[in-house]
2 protein chains.
Amino acid sequence: MQRTAITPRWLDAEQQVIWRAFLSGTNRVFLELDAELRRFGLDLGEYEILVNLSESPDHELRMSDLADRVRQSRSRLTHTVGRMEAKGILVRNACPSDGRGVNARLTDEGYALLVEAAPYHVESVRRVLVDVVDPDDFVALGRAMAAVADADAPTEAD
Amino acid sequence: MQRTAITPRWLDAEQQVIWRAFLSGTNRVFLELDAELRRFGLDLGEYEILVNLSESPDHELRMSDLADRVRQSRSRLTHTVGRMEAKGILVRNACPSDGRGVNARLTDEGYALLVEAAPYHVESVRRVLVDVVDPDDFVALGRAMAAVADADAPTEAD
DNA sequence: CAATAGTGATTGAAACCTCAACAGAGCGTA
DNA sequence: TACGCTCTGTTGAGGTTTCAATCACTATTG
């Protein structure tokens with residue numbers, strides 16, 4: 001990247017207020033969710049792993065597939081899954097169809113933990129976000145975040 | 001907290017789609033911003049420290065005040081500021097009016113770094129969020145996140 | 001004016017994440 | 001078959017964050 005001088009297109013006052021609300025609001029959401037999940041010895045990243053496994057056939061997913069779904073680096077997922085395996089939440093097995101692959105599968109204990117935590121988690125999501133936001137704004141929020149998530153990846157050729 | 005059984009108020013299908021878009025979208029935003037700031041040896045947390053100091057009289061703020069503004073724990077701020085001080089970005093001085101306090105103040109180098117990074121940062125914010133979201137949705141997003149940020153702290157008496 | 005409680009900031013250890021390097025398996029092609 | 005390339009997943013080192021404990025100073029109380 002050439003760090004040539006660029007002409008800054010600064011945010012106007014309203015945009016800046018919105019942007020800072022975004023920083024504060026998202027921070028609040030994740031803090032509260034983590035705090036609630038901590039009661040179950042989980043954080044949001046681990047909870048998402050549980051959810052994605054629980055929604056898959058045999059409660060099982062390839063590591064790389066799981067990594068994509070929970071938006072974690074493979075390395076991070078390996079570490080996290082290793083800790084979860086040590087806690088008995090899931091197990092890893094060689095993937096039968098691809099010698100390189102590894103499947104992570106929920107144990108009964110892991111599934112039970114999810115079942116236990118989920119009601120409290122969804123209650124947190126409501127309390128901190130869904131219930132405090134105007135329904136129309138909530139829908140708009142969804143459109144906005146979907147647009148962000150689905151936007152083309154930035155070209156690396158800058 | 002009593003972990004008495006609660007009746008889950010599950011999210012409906014649309015709410016769930018929105019919630020997952022929120023997780024994906026916010027993740028995308030923060031990943032891109034960190035990637036851009038990395039060119040300057042910063043992450044978003046450090047950048048926010050720079051911004052808040054730069055907007056304060058004498059480019060100086062009490063540690064606790066700064067911690068509140070950037071929504072970091074005091075411990076985390078101490079560590080982060082320590083590293084930034086080692087890099088020459090800011091300095092710490094005893095607070096003259098309160099023997100317990102410590103002021104963090106931007107150095108000229110630190111301010112110069114902010115001036116250098118800011119245009120690229122704002123460009124990232126536009127590229128990943130402002131420019132890809134419908135303007136009306138962006139305003140709604142601001143209302144939603146402000147509502148989240150300003151909502152009463154949850155009662156600890158549950 | 002002590003004694004006590006409260007506030008501001010730091011510390012160090014443990015937990016966690018990132019990054020680059022690596023090993024093993026599959027794929028393509030000659 | 002053999003070679004190189006890609007893909008999957010792991011590893012370990014180093015850096016960062018969290019958590020609980022601590023120290024120093026201020027405020028409050030009797």
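Note that the structure is predicted; figures quoted are calculated from it, not measured.
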All side chain to side chain donor-acceptor pair (under 3.5 Å) counterparts of A:E14, not counting sequence neighbours
none
From the 5' end of DNA chain C to its 3' end, which nucleotides mark the outer limits of contact with chain A, defined by a 4.0 Å heavy-atom distance cut-off (strictly under)?
C:dC16 to C:dG26
By nearest-nucleotide position on DNA chain C, the 5'-leaning member of A:R100 and A:S75 is A:S75
In plain terms, say whether B:R38 and B:D34 are close enough for a salt bridge, that is, a side-chain N and a carboxylate O under 4.0 Å apart.
no
Whether B:E36 and B:R127 form a salt bridge (side-chain N of Lys/Arg under 4.0 Å from carboxylate O of Asp/Glu) is what I want to check.
yes
Both A:G99 and A:K87 contact DNA chain C. Taking the nearest nucleotide for each, which residue is further toward the 5' end?
A:K87
Which one of A:R100, A:R74, A:R69 satisfies the side chain to side chain contact (heavy atoms under 4.5 Å, CB included) criterion with A:S64?
A:R74
Students should find this one: the first and last nucleotides of DNA chain D, 5' to 3', lying under 4.0 Å from a heavy atom of chain A. What are they?
D:dC7 to D:dC19
Which residues pass the side chain to side chain contact (heavy atoms under 4.5 Å, CB included) test with A:V51, sequence neighbours left out?
A:Y47, A:E55, A:L114, B:R20
Quick one: side chain to side chain donor-acceptor pair (under 3.5 Å) partners of B:N103, sequence neighbours excluded?
none
According to the ring-ring contact (aromatic ring centres under 6.0 Å, His included) rule, which pairs have a member within residues 67-113 of chain B, sequence neighbours left out?
B:H59-B:Y111
For A:E48 and A:R71, run salt bridge (charged side-chain N to carboxylate O under 4.0 Å, His left out): C-alpha distance rounded to whole Å, both residues' side-chain angles, the deciding distance at 0.1 Å, then the answer.
CA-CA 10 Å; A:E48 287 194 78; A:R71 305 169 306 281; 3.0 Å; yes
